[in-house]
Amino acid sequence: MLTIHSRHDLTAFNTLAIPAKAQFFTELSDLNDLPELLDFITQHDLSTLWIGGGSNLVLADEVPGCVVHISTKGIDIISESQESIIINVAAGESWHSLVRHCLEKEWFGLENLALIPGSVGASPVQNIGAYGVEVADFIEQVEVYDTALNTFTVMQNADCQFAYRDSLFKRNPGRFIITSVVFKLSKQFKAQCSYAALQTWLDAKGIKELSAKAMFDAVVAVRRSKLPDPDLLPNAGSFFKNPVVSNECFESLQQMYPDIPNYPDVSGVKLAAGWLIDQCGWKGLYRERVGVHKDQALVLVNHSGGFRSDIDALADDIRQSVRDRFSVQLEQEPIAYP
Ligand code: FAD
Ligand code: NAP
């Protein structure tokens, strides 16, 4: 049974804690209610925002149309062999709880993605990634309702056009309602430990034999030490994607800034957006209501009741200063709506 609220406060539904108001808001905890919801949306000709944890969103102060919080639950085993298992997970499950659940069951692969806030349903949207692992590596299928074709459909991994923090879903906002995600996980743990921060933590603990649990613990500990908890200091994680520049552009930057962090990428060289922003002196900057985190220049924070306009103005100024100094254009990672 659906309850539709009007002028609903979304402060608790976005981790940046922008005090946004939705024209209409509802909770979708049962997919059987979807036809009724879609009828309501069609009858009133509403734009719709489907949300999970609201941890990758920059909301306007007034959000027109209907905001739907998806909270469906369920983890079902589809098939398993000695080597692997295939599970179907409802969109409304918490991402981090799923990672923990898989670790407990000894279904491996997701350890490096521990502690990423938000829902399973949103994980394919920006192809969540951390510490050299992307969720696309484990997704077999994404089950969706396609609002353009008015039908449920199953999309194979290759159909989803996964890329670095990007997918078909991110590029077609509102079209696909992700109802569940099918993952293939391994029964053999294979460590992915190429990021220095994880190795440093493991070395400091004297851990030589790397287990999945040790990896999970390392990721959780390193993240807790570096990133602000949105419940204590509202934020939307990394505010800009790491830019990828051409080899020529990188070489000229490196001549001017010999210590510029850089990582090889298929289409050039990946730079660390946080480093560029830090060099421009933004780390720890405090404006009236919003600011830049003191330990991580890539994270914009909402100190007290900041609005979308405060965040947008700060982001514009940061982008401008990075462009002026490095001639590099930063692209916003969280989705601005509308
Ligand atoms: P929301 O913010 O609710 O939605 C994000 C987008 O997905 C919106 O466009 C929304 O419409 C769409 N969407 C959500 N659910 C559905 C659905 N069921 N069907 C269709 N569309 C849907 N991201 C990373 O990749 N790596 C990280 O390491 C990482 N760390 C973070 C750390 C912090 C402290 C924070 C605050 C954020 C971090 N993020 C990270 C960003 C964010 O957590 C992820 O992008 C996450 O997947 C968003 O999930 P959500 O449920 O909160 O999505
Ligand atoms: P970090 O380890 O301080 O590294 C800084 C940046 O350098 C990262 O953005 C990372 O790129 C890149 N990097 C570092 N080592 C690398 C390697 N061996 N190979 C390729 N790239 C490397 O980063 P952090 O800020 O503490 O974050 C740790 C991980 O969590 C990163 O993967 C980051 O993406 C992820 N994270 C994401 C969000 C978000 O909201 N999207 C928020 C917090 C953390 P990549 O970002 O491409 O990995």
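All figures in this text were calculated on a predicted structure; none of them were measured in a lab. Both counts, for ligands and for their atoms, begin at 1 and track the order of listing.
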Nearest heavy atom to atom 18 (N) of ligand 1 wins, so pick from Ile178, Val142, Leu28. Ile178

Counting only heavy atoms, which portion of Ile116 has something under 4.0 Å from ligand 1: side chain, backbone, both, or neither? side chain

When you measure from atom 20 (C) of ligand 2 to each heavy atom in Tyr131, Phe239, Tyr195, Trp275, which option holds the nearest one? Tyr195

Hey, which atoms in ligand 2 end up nearer than 4.0 Å to a heavy atom of Gly237? 40 (O)

Under 4.0 Å between heavy atoms, the region of Asn127 that gets near ligand 1 turns out to be neither

For ligand 2, which atoms have a heavy atom of Asn242 less than 4.0 angstrom away? 8 (C), 9 (O), 10 (C), 11 (O), 45 (P), 46 (O), 47 (O)

Taking heavy atoms and a distance under 4.0 Å, where does Ile70 meet ligand 1: side chain, backbone, both or neither? side chain

For atom 6 (C) of ligand 2, which of the options Pro264, Pro117, Ala273, Ala272 provides the nearest non-hydrogen atom? Ala272

Under 4.0 Å, heavy-atom basis, I'd like to know which part of Val125 is in contact with ligand 1: side chain, backbone, both or neither. side chain

Kindly say whether Val125 contributes a backbone atom to a donor-acceptor pair with the side chain of Ser167 at under 3.5 angstrom? yes

Below 3.5 angstrom, do we get any N/O pair linking Gln126 and ligand 1? yes

For ligand 1, which atoms sit closer than 4.0 Å to a heavy atom of Gly54? 1 (P), 2 (O), 3 (O), 50 (P), 52 (O)

Under 3.5 Å between any N/O of Pro117 and any N/O of ligand 1: does that happen in this structure? yes

Is the His8 ring parallel, tilted or perpendicular to the Phe25 ring (thresholds 30°, 60°)? parallel

For the rings on Phe138 and Phe183, is their centre-to-centre separation under 6.0 Å? no

With a cut-off of 4.0 Å, which atoms of ligand 2 are near a heavy atom of Glu333? 39 (C), 40 (O), 41 (N)

Under 3.5 Å, is there a donor-acceptor pair between the Asn242 and Tyr164 side chains? yes

Side-chain donor-acceptor pair under 3.5 Å between Asn88 and Ser180, yes or no? yes

Aromatic rings Phe24 and His44: how do their planes relate, parallel, tilted or perpendicular, breaks at 30° and 60°? tilted

Side chain, backbone, both or neither: which applies to Phe176 and ligand 1 if a contact is any heavy-atom pair less than 4.0 Å apart? backbone

Of Ile128, Leu227, Asn172, Val135, the one whose closest heavy atom lies nearest atom 44 (C) of ligand 1 is Ile128

Looking only at non-hydrogen atoms, which of Ala91, Ala122, Ala336 approaches atom 53 (O) of ligand 1 most closely? Ala122

Can you list the atoms of ligand 1 that are under 4.0 Å from a heavy atom of Asn235? 34 (C), 36 (C)

Within a distance of under 4.0 Å, is there any protein heavy atom near atom 40 (O) of ligand 2? yes

Do Arg319 and Gln329 get their side chains close enough for a donor-acceptor pair, meaning under 3.5 Å? no

Any link between Val89 and Met155 through a network of hydrophobic side chains (Ile, Leu, Val, Met, Phe, Trp, Tyr) touching at under 4.5 Å? yes

Quick check against the 3.5 Å criterion: does Asp61 have a side-chain atom that pairs as donor or acceptor with the backbone of Arg308? yes

Which of the ligand 2 atoms, numbered from 1, are nearer than 4.0 Å to a heavy atom of Ser194: 18 (N)

Taking atom 23 (O) of ligand 2 as the reference point, the nearest protein heavy atom with its distance: Lys226 NZ, 4.3 Å

With ring centroids as reference points, do Tyr286 and His293 lie under 6.0 angstrom apart? no

Do you see a donor-acceptor pair shorter than 3.5 Å between the side chains of Gln199 and Asp203? yes

Donor-acceptor pair between Asp324 and Gln320 side chains, under 3.5 angstrom: yes

Side chains of Trp107 and Ser186: any donor to acceptor distance under 3.5 Å? no

What part of Ala236, side chain from CB on, backbone N/CA/C/O, both or neither, has a heavy atom under 4.0 Å from ligand 1? backbone

Can an N or O of Asn56 be found at a distance shorter than 3.5 Å from an N or O of ligand 1? yes

Is Leu227 touching ligand 2 with its side chain, its backbone, both, or neither, if touching means heavy atoms under 4.0 Å apart? side chain

If we set the cut-off at 4.0 Å for heavy atoms, which region of Ala130 has an atom near ligand 1: side chain, backbone, both, or neither? side chain

Closest candidate by heavy atom, reference atom 32 (C) of ligand 1, pool Arg223, Glu134, Arg175, Gln296: Arg223

State the atoms of ligand 2, each with its element, that fall below the 4.0 Å cut-off from a heavy-atom position in Tyr164. 45 (P), 46 (O), 47 (O)

Which is closest to atom 21 (N) of ligand 2 in terms of heavy atoms, Arg223, Lys270, Lys241? Lys270

Nearest candidate to atom 26 (N) of ligand 1, where distance is taken over non-hydrogen atoms, out of Ser119, Gly129, Gly121: Gly129

Quick test of your reading of the structure: of Ala90, Gly92, Ser55, whose heavy atom lies closest to atom 48 (C) of ligand 1? Ser55

Within the 3.5 Å criterion, strictly below it, is a donor on Glu333 or Gln126 matched to an acceptor on the partner's side chain? yes

Relative to the heavy atoms of Ser238, which atoms of ligand 2 are at a distance of less than 4.0 Å? 37 (C), 38 (C), 39 (C), 40 (O), 41 (N), 42 (C), 43 (C)

Quick one about Ser194 and Gln192 (side-chain donor to acceptor, distance below 3.5 Å, no hydrogens or angles considered), yes or no? yes

